[in-house]
K.L.:
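Here it is, the structure, as structure tokens.
Here is how names work: the chains are called A, B, and so on, in the same order as the sequence lines, proteins then strands, and each is numbered from 1.
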Amino acid sequence: MSGGKNKRSKRHEGWEEAGGEFYQELYPGGEQELFDNLQRADAAKLATLLPSKQARTTTSKRARSQNERRQSTFARTTQSRDIHLSMLPDLSENLSNEERTWEEIMQIKAMPVPMNQKREIKSRLQNATKLRLQGLEQLQWRQRKALHRFRIRFSEIVGKFELWQASLREIEGKFGTGVVAYFLFLRWLMFLNLVISIFVILFLILPTILLDKNLECDDFENSTICCSQAYLQRNLTTSNVVLDLIQGTGRMERTILFYGVYSDQIYTYFLKNLWDAEMFYNMPLAYILIPITWTLFSLVAIVKTAAKGFKERLVENEGQFYMYCNLVFGGWDFCIHNDKSAKIKHKALFNEIKGCLEEERYKEEKQSRTRESLILMYLKRVLINLLVFIILIGSGILIYKIFNIAMDKLNEQFYAENEFLNRTEPIFNLERENTYTIMRFRLTLLEFLPFITIGVLNIFIPEIFGYLIGFETYTPANAIIITLLRTVLLRLSSLAVLLSQIYLQITDPNRIEKCLDPYEEFRHECWETYVGQQLYKLVLTDFALQIVMTFFINLPRAFVARHSNSRCLKIIGTQDFYLPKHVLDIVYIQTIIWMGAFFCPFLPIIGTIFCFLVFYIKKFACLTNCTPSPIVYKASKSKSLFMSVLLLGFVISILPVAYSVAEIAPSINCGPFRRYETVWSFVVETFEAFPYLVREIVFLIGTSTFAVPAFAILLFFLYYYWAVAAANRHMVEVLKNQLVLEGHDKQFLLNRLSAFIRQHQKRCERRNRASFADDDSSIQQHSSR
Amino acid sequence: MGQGKSQFTEEELQDYEDLTYFTKKEVLYAHQKFKALAPEKVGHNKNAKLPMAKILQYPELRVNPFRDRICKVFSSSNDGDCTFEDFLDMMSVFSDNAPKAVKAEHAFRIFDFDGDDMIGVSDLREVIERLCGPEMKLSDSEIQQLVQNVLEEADLDDDGALSFAEFEHIIDKSSDFCHSFRIRL
């Protein structure tokens with residue numbers, strides 16, 4: 001054994017010597033320097049001399065500053081800075097022109113060196129001889145410089161006008177970037193609504209206000225004009241202004257707030273200045289094109305924003321590779337500036353780390369879990385899912401019942417009120433007024449009852465879900481997603497029940513479909529307006545509930561929690577900012593806005609205002625009512641979460657509208673599509689009037705001769721990209737393996753090298769000692785002589 | 001801002017604008033903030049060197065678990081004391097406009113506690129301990145496990161430490177880093 005070891009070490013020596021010679025041959029110039037370095041260097045710290053460690057280039061552009069960078073990171077090397085500065089690439093060698101110099105100056109800021117060195121480099125660059133640019137190049141460079149300066153100024157100005165900057169900063173300092181992402185999302189939604197509103201105002205509301213004129217109703221029998229005339233003049237009974245405002249009835253119903261008032265005319269108008277040209281504005285066409293436009297616009301905006309987040313997620317997700325690194329290196333929000341939040345952030349990170357490790361253990365445990373506990377767990381989950389299902393169905397039924405009851409009562413009231421108003425017998429005016437007010441009040445309450453029910457359910461049932469999820473042993477990340485999904489289901493099912501009820505009402509075969517008598521009243525005579533009113537009320541109710549919850553329920557809770565020492569009260573009072581819930585709040589409002597914007601063109605405008613106000617409400621809820629959540633919300637993760645929920649809401653809101661456009665017959669006495677069977681038939685009719693060529697092209701796109709090849713090509717591309725992606729993934733794996741191998745090689749070589757150095761040092765010592773011995777002996781010889 | 005303007009010449013401001021990610025106005029604003037830390041000293045000498053303890057009174061730095069490292073990395077005298085120019089450098093790197101690569105470079109130096117140009121096991125342990133704060137303590141085996149996991153994810157060449165290239169690779173893939181490694185002026 002020992003013999004073998006000896007032999008091997010001998011062979012090593014031989015190898016090392018040969019290696020040394022080889023090295024000397026290969027690098028004759030640097031040899032001395034290298035050896036000096038090696039001798040000085042600690043053999044253990046050899047790794048720091050590797051070129052890969054020396055040249056930390058982040059971008060190829062910055063290669064020039066390498067030496068500089070080295071120096072600053074390695075301040076512990078003995079050489080002084082000046083020497084290194086002089087080692088900067090000599091610019092006079094290859095004369096650079098002004099533009100390049102300027103570019104280089106712009107890049108100085110990326111160097112990690114103190115300011116005075118930066119300044120030195122800058123002045124060096126500025127003073128270096130350089131070629132002046134001539135002619136066109138000079139002009140281009142000037143332009144570039146000006147553009148650059150302009151961009152900086154512009155972004156500065158934009159930054160100054162950036163909405164809510166101070167608020168966002170405050171939230172960021174207290175709650176970290178995940179919560180700020182939510183508020184940015186809210187702001188984004190507001191701008192989306194604003195753009196939609198601008199579309200609506202420019203192309204629907206303004207033309208109606210400016211161009212609308214009343215047409216005379218000459219032939220009474222069957223004309224739509226007369227029908228709408230009758231509709232518009234009817235029911236203008238005086239009633240409470242406030243009630244009308246919140247219900248969208250009475251006078252409000254006849255304003256441009258709702259579908260019913262928009263005209264079916266093709267407006268003609270003369271522009272006196274423009275050669276007396278006659279211009280047309282096709283109101284029905286505008287009324288169908290604008291919703292299509294904003295639908296597409298919203299879709300593009302969502303997809304574009306979602307795609308950005310999705311790409312990030314995809315990169316990140318590549319097998320969940322960097323979860324821990326992200327946690328460790330990106331965990332701390334450097335923007336936190338508040339002691340209490342810092343403490344909570346520490347705690348949150350601690351929990352997250354624990355959770356991650358726990359999850360790992362959980363996964364291992366899962367494999368080794370006994371059958372009984374597995375069955376028990378699944379049983380629990382099935383039971384709870386069943387319970388959730390029952391709750392969902394129950395709330396659906398509740399809404400259904402309440403809606404029906406409210407409708408029945410309303411119809412009764414409606415007729416009662418009519419009777420009451422038409423009564424001619426003399427009563428005391430005051431008494432009559434009182435009874436009337438009470439009646440109206442009851443009516444309003446009934447009108448709002450279904451919406452209040454929906455709102456209250458939306459507030460309380462998610463709490464139950466949140467409680468239930470604790471029993472199903474999901475991982476924390478999955479728990480959030482599942483709770484979110486259930487809450488979305490709740491909200492959507494309540495909406496679905498409401499819509500189906502409305503649908504039943506408006507497709508009621510008993511519905512009077514004519515306009516015989518202008519003085520006879522009946523309900524839902526213009527069903528689009530009716531739908532618009534319902535959704536308008538829903539938005540208002542939801543908004544009101546938000547205010548009530550924030551200021552009248554949660555604020556006292558927070559107050560109690562802050563100023564009492566009782567533990568029980570503290571549990572009731574403390575609330576943390578549970579992000580998914582708040583996301584749902586605004587996505588829900590947005591969904592209703594999309595749904596109702598066709599029937600009530602004012603909804604986007606109302607939505608813009610609400611988003612604006614909701615920002616302050618949520619800010620208040622966040623800063624005053626809540627304590628930072630002990631869950632870590634990652635900005636990137638939450639962003640993609642918001643967008644996917646929003647996309648879901650979008651699809652769900654557009655579907656019923658699309659159905660109504662395509663299938664349900666519009667009312668005959670109101671709105672822009674009075675004469676048509678469906679709204680879509682108007683589109684088809686308009687399309688028929690297009691030039692022959694256009695029609696042919698569109699038809700061609702619809703036929704199989706076009707669709708099949710197009711589909712095939714798409715499939716082909718899809719396959720191609722898939723294949724490329726697969727190949728890349730494989731390549732990444734190969735390269736990774738290779739990296740590991742290279743790393744091993746490197747380590748092996750380093751070990752060898754350090755051993756060699758040690759040996760070399762030893763040999764030198766020995767030689768020295770020998771020469772000393774020689775000297776000694778010669779001295780001795782001298783002395784003895 | 002009138003006060004701030006008198007302390008700088010136009011030329012200096014131009015220099016600062018060229019050499020940081022700030023505009024002139026932002027530079028002046030940064031100086032106000034710097035001055036607020038030690039009004040008298042900075043009032044006398046606009047580029048006064050403030051001791052680390054003073055710099056750490058800046059709100060974001062006060063609660064930051066890596067505060068001393070940040071100061072040391074940006075200090076031109078390497079002892080944590082910062083002049084205004086160092087402070088400006090710091091804010092420039094932490095600003096929104098600084099590219100990821102620049103942020104990564106400095107983050108690497110902040111996390112590299114022992115200064116050997118590698119983020120080794122001991123550095124990682126230190127980072128994790130600081131992240132969890134002084135009150136919470138992970139057990140030794142947990143830290144061990146976490147360090148192990150981090151190295152498994154990121155240590156491409158398997159040498160038991162993260163080199164800068166490896167660190168930058170992580171940062172490149174981390175979408176949260178840019179959001180979190182940021183201090184608004």
K.L.:
If the threshold is 4.0 Å, N to carboxylate O, is there a salt bridge linking R153(A) and E17(B)?
P.N.:
yes

K.L.:
Against chain A, label F111(B) side chain, backbone, both or neither, depending on which of its atoms sit under 4.5 Å from a heavy atom there.
P.N.:
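Side chain of F111(B) only, per the 4.5 Å heavy-atom cut-off to chain A.
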
K.L.:
Within a strict 4.5 Å, meaning less than it, do heavy atoms of the S180(B) and W332(A) side chains meet?
P.N.:
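No; the side chains remain at least 4.5 Å from each other.
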
K.L.:
Output the distance between atom CD (Q148(B)) and atom OH (Y324(A)), rounded to the nearest 0.5 Å.
P.N.:
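Atom-to-atom, Q148(B):CD and Y324(A):OH are 11.5 Å apart.
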
K.L.:
Within the structure provided, determine whether I183(B) and C335(A) are in side-chain contact (heavy-atom separation under 4.5 Å).
P.N.:
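Counting from C-beta outward, I183(B) and C335(A) never come under 4.5 Å.
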
K.L.:
Name the option with the most non-hydrogen atom pairs under 4.5 Å to chain A; the candidates are C132(B), A107(B), S75(B).
P.N.:
C132(B)

K.L.:
Which one wins on heavy-atom pair count under 4.5 Å against chain A: L146(B), I171(B), L124(B), L151(B)?
P.N.:
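The option with the most such pairs is L146(B).
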
K.L.:
Could you tell me if the ring centre of F177(B) sits under 6.0 Å from that of F329(A)?
P.N.:
no

K.L.:
Any chance you could measure I152(A), atom CD1, to K24(B), atom NZ, to the nearest 0.5 Å?
P.N.:
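Reported to 0.5 Å precision, the distance equals 9.5 Å.
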
K.L.:
Distance from D18(B) atom CG to L125(A) atom CG, nearest 0.5 Å?
P.N.:
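Answer for the CG-CG pair, D18(B) versus L125(A), is 11.5 Å.
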
K.L.:
Can you say whether F66(B) sits under 4.5 Å from chain A via the side chain, the backbone, both, or neither, judging by heavy atoms?
P.N.:
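F66(B) touches chain A through side-chain heavy atoms alone.
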
K.L.:
Please flag which part of R62(B) lies under 4.5 Å from any non-hydrogen atom of chain A: side chain, backbone, both or neither.
P.N.:
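Just its side chain gets close to chain A.
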
K.L.:
For E742(A), is it the side chain, the backbone, both, or neither that has a heavy atom closer than 4.5 Å to a heavy atom of chain B?
P.N.:
neither

K.L.:
Looking at every non-hydrogen atom in both residues, tell me the closest pair between V328(A) and L131(B) and how far apart they are.
P.N.:
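Closest approach of V328(A) to L131(B), heavy atoms only: O-CD1, 3.3 Å.
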
K.L.:
For the interface with chain A, which of T83(B), D86(B), T23(B) has the highest count of heavy-atom pairs at distances below 4.5 Å?
P.N.:
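Of the candidates given, the most pairs with chain A belong to T23(B).
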
K.L.:
Counting only heavy atoms closer than 4.5 Å, note whether I353(A) contacts chain B via side chain, backbone, both or neither.
P.N.:
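I353(A) touches chain B through side-chain heavy atoms alone.
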
K.L.:
Take atom NZ in K54(B); do more than 12 heavy atoms of anything else shown fall under 6.0 Å from it?
P.N.:
no

K.L.:
With a 4.5 Å cut-off on side-chain heavy atoms, are R119(A) and Y16(B) touching?
P.N.:
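Sidechains of R119(A) and Y16(B): in contact.
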
K.L.:
Under 4.0 Å between a side-chain nitrogen and a carboxylate oxygen: does that hold for K118(A) and E85(B)?
P.N.:
no

K.L.:
Could you have a look at V73(B), L162(B), I70(B), V150(B) and say which one has the most heavy-atom pairs with chain A under 4.5 angstrom?
P.N.:
V150(B)

K.L.:
What part of T20(B) gets closer than 4.5 Å to chain A, counting heavy atoms only: side chain, backbone, both or neither?
P.N.:
both

K.L.:
Count the heavy atoms belonging to other residues, nucleotides or ligands that lie under 6.0 Å from NZ of K343(A), then report whether that count exceeds 12.
P.N.:
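Not more than 12 within 6.0 Å, no.
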
K.L.:
Show the nearest heavy-atom pair for residues F334(A) and E60(B), with the distance to one decimal.
P.N.:
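Reported closest heavy-atom pair: O-CG, 3.6 Å.
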
K.L.:
With a 4.5 Å cut-off on side-chain heavy atoms, are S76(B) and Q117(A) touching?
P.N.:
no

